[in-house]
Chemist: 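Encoded as structure tokens, here's the structure I'll be asking about.
The model shown is predicted, which means the values in this text are computed figures rather than measured ones. Reminder, nothing fancy here: chain letters follow the sequence lines and each chain counts from 1.
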Amino acid sequence: MTRTDVVVTGMGATTPLGGDVASTWKAALAGTSGARTLDNDWAEQYGIPVSFAATVAVAPSEVLAVPEIKRMDPSAQYAIIATREAWADAGSPEVAPERIGAVVSSGIGGIWTTLTAWDTLQARGARRVLPMTVPMLMPNSPAAYVELEVGARAGAHALVSACASGAEAIGYGIEMIRSGRADIVVAGGTEAAIHPMPIAAFAASRTLSTRNDDPAGASRPYDTDRDGFVLGEGSGIVVLESAEHAAARGARVYARLAGVGLSSDGYHITSPEPGGRGQIAAMRAALLDAGLDVTDVRHLNAHATSTKVGDLIEARAVREVLGEAADTVAVSATKSLTGHLLGGAGALETIFTILALQQRQAPPTINVSNPDPEFDLDLVRDTPRELPSGQIAAINNSFGFGGHNVALVVTTVS
Amino acid sequence: MALNEQEVLAGLTEIIVEETGIAAEDVASEKSFTDDLDIDSLSMMTIVAQAEDKFEVTIPDDEVKNLATVGDAVSFITKAQD
């Protein structure tokens, strides 16, 4: 029995680098940082040690109608903006609703809505808490709004696995198509957690960079002086489709999503297992699922968030999986550009991986002034690198608090 | 300072437009919230909450079901201001 091939026929995004995929990709290739000093006084007001983040480049209010803004948490707003672009990019396919699925994740959920409603309750009492509060704060809200947007009836799902959520959503979307539940799945991730409480909480766990005097230089994966991640926000959405369905309607195909690898560390609530056991297992499972050899891999979009411990564990895991073949794999750590979109990261980085293969250009990693001497991979630094011609594959890694590991394998299409 | 019916209608229309996206010119006294404007119960409760805020009145839940049209709501709010 031959397995259903899954391809990508549409992409959409709103990110710290731009309000759509084209502007985001252009800024990424140019090595632009999306991190900026916040235009509020949260740091001073609450004593938060971090005064910057990678906020979305285009405010939703510039794109959405007022009633849409009022009925959706920002996390859902970003997902809807990205979905509209992705769906149009796929040619607004006419498909039976029963054959369309929606899988959209957020790592944190509708935290702006939750905390704003709590403020309202405390300040003004229960009668002022808005009736739309629950449908806005529930973590499946972005998935549900995307379901409504495209009229999906094959199922709408919201898988939650912290910073691996966006990639896991795409993985689940692939499985929906392979299992025959759907012909098309709108899949991805979103996050909108740039609120003082989560910033304070991440800062309390000492995972955020505190390079307040240089936001653009703060996210520096694999640099000796890295001191934590930069909180980002936004959404990435892809339209997944069975290759047969895409061919039948003459859709443009960006790439093939050939393999999904999942594992869990079974080790610690936040720390990755030091030997990279779970990460290795996920990458191997994804390659096996894709039926590919390590020598087929020529590009890797690393999870690499710019934390002291996490970056190296991943780098060693990649070396362990790829062995000598790693010498010819161009590694990009795009969180140096975008900051860390948490639940949106895995999806946005899947889009970067797809574009890298399609355009044969690996995006740069910025801010690596002094590479960590223990880092033993071929990092694409400062400027994009041309990828080889022919049929090649790439891996996109995403790992999350809780020990969730997701590796996706993308290949070029001939 | 109490507002007259016309002023309440204008204010209520603003709330309805913001909440639902319905064009201001489609909002009129004789329009039914459910049949003409297609406003669901969650939106209705949101409009009520915002109207209470804006006009500094209380609209009890028992009363909301009697507010079939925009005009019903305008009359109730106008009187409730006193």
Chemist: Give a yes or no on whether B/D38 atom CG has more than 12 heavy-atom contacts from other residues, nucleotides or ligands under 6.0 Å away.
Modeler: no

Chemist: Can you tell which part of B/S41 gets under 4.5 Å to a heavy atom of chain A, answering side chain, backbone, both or neither?
Modeler: neither

Chemist: Taking atom CD as the centre, does B/Q81 end up with more than 12 heavy-atom neighbours from other residues, nucleotides or ligands that are less than 6.0 angstrom away?
Modeler: yes

Chemist: Using a cut-off of under 4.5 Å for heavy-atom pairs, which of B/M44, B/E19, B/M45 has the most such pairs with chain A?
Modeler: B/E19

Chemist: What are the two closest non-hydrogen atoms of A/R127 and B/A49, and how far apart are they?
Modeler: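 Looking at all heavy atoms of both residues, the shortest contact is O-CB, 4.2 Å.
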
Chemist: In Å, rounded to the nearest 0.5 Å, how long is the span from OG of B/S43 to CE of A/M132?
Modeler: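 So the gap between those two atoms works out to 7.0 Å.
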
Chemist: Measuring heavy-atom distances to chain A, does B/I59 have an atom under 4.5 Å in its side chain, in its backbone, in both, or in neither?
Modeler: backbone

Chemist: Does the side chain of B/L42 come within less than 4.5 Å of A/P135's, by heavy atoms?
Modeler: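 Yes, side chains in contact.
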
Chemist: Taking side chain as everything from C-beta outward and backbone as N, CA, C, O, which of these in B/T46 sits under 4.5 Å from a heavy atom of chain A? Side chain, backbone, both or neither.
Modeler: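 For B/T46, the contact with chain A is made by backbone and side chain together.
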
Chemist: If you draw a 6.0 Å radius around CD in A/Q45, do more than 12 non-hydrogen atoms from other residues or ligands fall strictly inside?
Modeler: yes

Chemist: Has B/E56 got more than 12 heavy atoms of other residues, nucleotides or ligands less than 6.0 Å from its CD?
Modeler: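 Open: at most 12 neighbouring heavy atoms sit under 6.0 Å from CD of B/E56.
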
Chemist: Against chain A, label B/Q50 side chain, backbone, both or neither, depending on which of its atoms sit under 4.5 Å from a heavy atom there.
Modeler: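 The side chain, not the backbone.
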
Chemist: Identify the heavy atoms of A/P67 and B/V17 that sit nearest to each other, and give their distance.
Modeler: CG-O, 3.8 Å

